[in-house]
Colleague: 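Below are the structure tokens for one structure; questions will follow.
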Amino acid sequence: MTECSGLAFFGAVASRKSRRGAVGRRRCGNCVRLAHDLADAEGHLLRLEEQVKRLRGEFGGESERVKELERELEEWRRGWRARGKRYPDRQAGKSGPPKRPGRAAGHPGSGRPRPTECDRMEPVPPGPCEKCGGHCAPTGAEVVYPVEEIRFEREVVGFGLQEGCCEDCGHRQYAKLPAELGPRPKVGVNAQALALMLRNDVGLSFGKIVRVFQVGAGFQITKGALVQLMRRTRERLLPARAEIQQRLRNSPFAHLDETGARHMGKPSYLWLACTPDLSFFEHGPGRDAEVIVRILGAEYPGILVVDFYSAYVRYVTKLATAGARLQTCWPHLLREARRVAEIEGTPEAAEFHDRLQRFYLRAKDMAAREQPWLQAPGEFLGLYRRFDNLAWHPELRASDGVARLQDRMTRFGETLLRFVEEPGLPGSNNAAERDQRPFVIFRSTSFCTRSDEGMKDLSHLLSVTQTLRKQGRTWFTYLPEALSAHWPGRPLPSVFAPSATATPRGLAAAHADVQTERRRRPTNCLPSAVHHSILPS
């Protein structure tokens, strides 16, 4: 390689000037190549810097996405999220095309039977001739086509309080209003029962109830009047709530659960304790075990069917003094196992979920037998050995999620298998979740309650409503009996069974009374003896 020095360079320039007379500079080939390489390197460096800058921007966005996915994955693992149900479309396979909706061909149909009697006949003339358009004269023959109809209307019923004179002492007095109406009534008992049903059973807001009354029956009422109606009814039915709570505390087992609520614009919780024949709601600002003491007391001797929330464990171990025990919910454990299998996707997680589900089905079959520890002691002990093997299986612990569930099974082992030993004890807490459903729907369509009195009204009337539903009764049958006992000062009838002397008054009975009253309606009605009533016609 030729070295290009400054002296040689100036010599070359001088000789060039002398020969060509031009001003210029001549370098060697090595310098020119190096200059080109330097220019290419600088251009490549600029391109790399732009690419690095672009990648940094993309990496910043992806890192936030990765953090979000990691946070969501952790929520799945801890059970804070619930995966929605999947309903895959049925694809055509070996059996042929996808199944069409509805019943199979040749299957007997199902539907509501048509009524055999009609309450009212509506004659329909034959109309013009379908063939020539001429006039059709009635022949006297007809075909009756019954159609069921429901209609609400406002009835103003006047009670004529007749005067009587005592034949012995000559004392004159007027008759009294029916006991369920109370003094100076304005709204009838059926209207009150309908409002209570729409609010606490159907879950409508006060504004929607006002709209139903106005459009369906032409009955004008305000939201404030409905609020006062709920409050007065709650105060009059305080003994009914006490009766429900007393029977709950004497029950052999009870389901407990809690759900979120909005109270005065802040998050709170509505607790539920239920049995097959009653439901009891209690508002708690928090989720501590003190709310359970308010519901069941500290001397509850039965079994609590619950999920794995720590407040129930604290109540049984530290607050309960009469030997209360727990039965933890198997569907909660199975759902968590399915969630772990879906998230992790490992063979260990899938195998654990399948084995856990098979074990629960075997345990349910064992619990359905009468005294399985005497009829089949070997199979009974084998069930416990399978549980221990499933909770301590070393190969399945390779999955973090499965190891966490196995630790839970180890801690709650006795409470998970108590339903096998106790006859009639359910192994799931689904009953509490079903009883909470009306409030959950109401919560999603309203702002819940805005005052302490409103929350008391809601929890009290929900308890009575759900208990009446389990007893096969409605507000239309219970409220007249309760008010008939409240106004004279007598004890309220039981929520759990109708009184022996009371006559059930549902919508059908009320409708018959209205039809009878129409036939002998007086021509004059005194305004002071009038009350409104919404009755179906």
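Scope of the values below: all heavy atoms of this structure, side chains included, with no hydrogens, waters or symmetry mates.
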Colleague: Taking S279 for the side chain and S463 for the main chain, is one N or O donor matched with an acceptor at less than 3.5 Å?
Modeller: no

Colleague: With a 4.5 Å limit on heavy-atom distance, are the side chains of L237 and H486 in contact?
Modeller: no

Colleague: Does E422 reach the side chain of R325, with side-chain heavy atoms less than 4.5 Å apart?
Modeller: yes

Colleague: For this output row, return yes or no: ring centroids of W392 and F387 closer than 6.0 angstrom.
Modeller: no

Colleague: Of the options R358, K364, R362, Q357, which is the one that meets Y360 in a side-chain contact (heavy atoms from CB on, under 4.5 Å)?
Modeller: K364

Colleague: Would you check if R404 and V340 make a side-chain contact, meaning some heavy-atom pair closer than 4.5 Å?
Modeller: yes

Colleague: Side chains of F280 and T467: closer than 4.5 Å at any heavy-atom pair?
Modeller: no

Colleague: Is the shortest heavy-atom distance from the side chain of D288 to the side chain of Y315 under 4.5 Å?
Modeller: no

Colleague: Are H263 and C448 side-chain neighbours, meaning at least one heavy-atom pair lies under 4.5 Å?
Modeller: no

Colleague: Evaluate the side-chain proximity of S459 to E282: yes if any heavy-atom separation is below 4.5 Å, no if none is.
Modeller: no

Colleague: Show me the donor-acceptor pairs within less than 3.5 Å that the side chains of residues 302-310 make with the rest of the protein, sequence neighbours left out.
Modeller:
residue, atom, partner, partner atom, Å
D307, OD1, Y309, N, 3.2
Y309, OH, R287, O, 2.8

Colleague: Check residues 200-210 and write down every donor-acceptor pair under 3.5 Å in which the side-chain atom is one partner and the other belongs to a residue at least two apart or another chain.
Modeller:
residue, atom, partner, partner atom, Å
N200, ND2, L196, O, 3.1
D201, OD1, R469, NH2, 2.1
S205, OG, K208, N, 3.4

Colleague: So do P438 and F442 actually touch side chain to side chain, heavy atoms under 4.5 Å?
Modeller: no

Colleague: Which is it for R335 and E433 under the salt bridge (Lys or Arg N to Asp or Glu O under 4.0 Å) test, yes or no, and what are the steps along the way?
Modeller: CA-CA 14 Å; R335 285 196 294 267; E433 297 186 0; 3.7 Å; yes

Colleague: Could you tell me whether a side-chain N or O of T222 sits under 3.5 Å from a main-chain N or O of A225, the two making a donor and an acceptor?
Modeller: yes

